[in-house]
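Just so it is clear, the model here is predicted, and its values are computed rather than measured. Start at 1 and go down the list; that is how both ligands and their atoms are numbered.
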Amino acid sequence: MKLRCPVCGAQLERREGFYRCEANHCFDIARQGYLNLLPVQQKHSKNPGDTREQILARRAFLQAGFYAPIAKALCGLAEQYAPAGPILDVGCGEGYYSVQVEKVLRQPLIGLDISREAVRCAAGTYKGPAWICATASHLPVEERTIGTVMSLFALTVPEEFHRVLRPEGLFLQVLAQEDHLLGLKSIIYPQLLHKPKQIIPAVPGFQLLESRPVRFSFTVEGQQVQNLLMMTPHAYRIGPEGAQRLLQTQALTDVASCRINCYRPISSFTFP
Ligand SMILES: C[S@@+](CC[C@H](N)C(=O)[O-])C[C@H]1O[C@@H](n2cnc3c(N)ncnc32)[C@H](O)[C@@H]1O
Ligand SMILES: [Zn+2]
């Protein structure tokens, strides 16, 4: 796996306990086993990305298996389309999906997230993969070295994904569909706004191979109701009344609805 310096772009060499480039920029491997490649100039806040509370809620929810159908479909598509080569999971969170894809593809895994809490949690749970704190906007990865880039309920940066992928590479994207978690939304918001959403977006520099919908219902109870809220962007948007209504909700049956989009990079494409 070839990493590059997030400050000057030179190749990073691994030393005992740290990485270093030829210009002597040094990056420590944290005690917990993750590598911090997020320089202050690429941070827009002190602790960017998901908070510890969100990460722990997501882990509790995912580990309980509520979204196992998404992981299963993702692994099936990865097996079908992925070439050999390292996997890069951008916005990996606590690594639930990353390690399952690693297991079926049997390729080296890099899990990358801008949240230090996310990669700390992932590194504490799963030994072996490289867990890196960095931003998707400046991937600290060499050109054309990655077999599969994944972005699951996270952001897509076409130019960066195209740059790091090998020509025969695969980009796997999971996006929520419009009817995702309508049950939760109808409890926390006084009225639901209909916002049409482009769920098979045209990604510049990529050609769509397949777009597979995944839709299923599930029931959460007790603390898992709160965990479900905490792992979604609604955790930031909810008002006090919505929060109160959800606190009074003992059990919730909802529908998860997303789409897994599989793309290949277009080799001849140049970004403006
Ligand atoms: C909704 S979570 C999805 C996590 C994981 N992929 C999953 O599906 O369980 C989005 C993740 O993207 C991360 N994130 C947000 N902005 C980012 C950026 N600029 N670069 C890398 N990761 C980012 C957040 O910290 C968070 O962990
Ligand atoms: Zn450097």
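Judged by distance alone, the side chains of Glu102 and Tyr97 never bring a donor and an acceptor atom under 3.5 Å apart.
Protein N/O/S atoms closer to the Zn ion (ligand 2) than 2.8 Å number 4 in this structure.
The closest donor-acceptor contact from the side chain of Arg58 to the backbone of Glu53 lies at 3.5 Å or more, if one exists at all. At least one donor-acceptor pair under 3.5 Å links the side chain of Glu160 to the backbone N or O of Leu139. Here the side chain of Asp113 pairs a donor or acceptor atom with the backbone of Gly93 at under 3.5 angstrom.
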Audit row: Phe61, Tyr67, ring pair (Phe, Tyr, Trp, His ring centres under 6.0 Å) steps and yes/no: CA-CA 8 Å; Phe61 179 90; Tyr67 278 5; 4.9 Å; yes
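Look at Lys2 and Glu143 and you find no salt bridge, because none of the NZ, NE, NH1 or NH2 atoms lies under 4.0 Å from a carboxylate O. Salt-bridge annotation for Glu117 and Arg52: present, with a side-chain N of the basic residue lying under 4.0 Å from a carboxylate O of the acidic one.
Separation of the Phe171 and His162 ring centroids does not fall under the 6.0 Å cut-off.
Pairing each heavy atom of Ala256 with each of His180, the nearest pair is CA-ND1, 3.5 Å.
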One line per pair, note the atom names and distance for all nitrogen or oxygen contacts under 3.5 Å between ligand 1 and the protein.
{"residue": "ligand 1", "atom": "6 (N)", "partner": "Gly91", "partner atom": "O", "Å": "2.7"}
{"residue": "ligand 1", "atom": "6 (N)", "partner": "Leu152", "partner atom": "O", "Å": "2.8"}
{"residue": "ligand 1", "atom": "8 (O)", "partner": "Leu152", "partner atom": "O", "Å": "3.4"}
{"residue": "ligand 1", "atom": "19 (N)", "partner": "Thr135", "partner atom": "OG1", "Å": "3.4"}
{"residue": "ligand 1", "atom": "20 (N)", "partner": "Ala136", "partner atom": "N", "Å": "2.9"}
{"residue": "ligand 1", "atom": "22 (N)", "partner": "Ile114", "partner atom": "N", "Å": "3.2"}
{"residue": "ligand 1", "atom": "25 (O)", "partner": "Asp50", "partner atom": "N", "Å": "2.9"}
{"residue": "ligand 1", "atom": "25 (O)", "partner": "Asp113", "partner atom": "OD1", "Å": "2.7"}
{"residue": "ligand 1", "atom": "27 (O)", "partner": "Asp113", "partner atom": "OD1", "Å": "3.4"}
{"residue": "ligand 1", "atom": "27 (O)", "partner": "Asp113", "partner atom": "OD2", "Å": "2.7"}

